[in-house]
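Working notes, structure below.
Please read these numbers as outputs of a predicted model, since none were measured by experiment.
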Amino acid sequence: CKGLGYKGRTAIFEFFVLDDKLRQALLKAPTAEALKKLSRAAGNRSLQEEGVLLVALGTTSIAELQRVLKQ
């Protein structure tokens, strides 16, 4: 990499903040769909939404987002 490393690259993440409702759901019925629904209700964004935000901010392009998300 000639000492350049990953300079200038931006990662996108889908971050899951665990609150009391999600904690209870994990104990009772931890289906992916139930956890996703509760996470969204708590204001967490999906990976795609995070990418769209980066496009809107001018950090990346739509083409790059499509390439990364394989869509």
- Task: Locate the shortest heavy-atom distance separating Ala42 from Asp19; write the atom from each residue and the value.
- Result: CB-OD2, 3.8 Å

- When rounded to the nearest 0.5 angstrom, what is the spacing between CG in Asn44 and CD in Glu14? 8.5 Å

- Task: For residues Arg45 and Leu53, report the shortest heavy-atom separation together with the two atoms involved.
- Result: NH2-CD2, 3.9 Å

- Applying side-chain contact (heavy atoms from CB on, under 4.5 Å) between Ile12 and each of Thr60, Thr59, Val52, Leu47, report the one that passes. Leu47

- Task: Taking atom CD1 of Ile62 as the centre, report whether more than 12 heavy atoms of other residues, nucleotides or ligands fall under 6.0 Å from it.
- Result: no

- Message: Please determine whether a side-chain nitrogen of the Lys or Arg among Glu64 and Arg67 lies less than 4.0 Å from a carboxylate oxygen of the Asp or Glu.
- Response: yes

- Mind listing the closest non-hydrogen atom pair of Leu38 and Ala25 along with its distance? CD1-CB, 3.4 Å

- Task: Using a strict 4.0 Å threshold on nitrogen-to-oxygen distance, state whether Arg40 and Glu49 make a salt bridge.
- Result: yes

- Of all heavy-atom pairs linking Ser39 and Leu22, the shortest is N-CD2, 3.8 Å

- Any side-chain heavy-atom pair from Leu26 and Arg23 closer than 4.5 angstrom? no

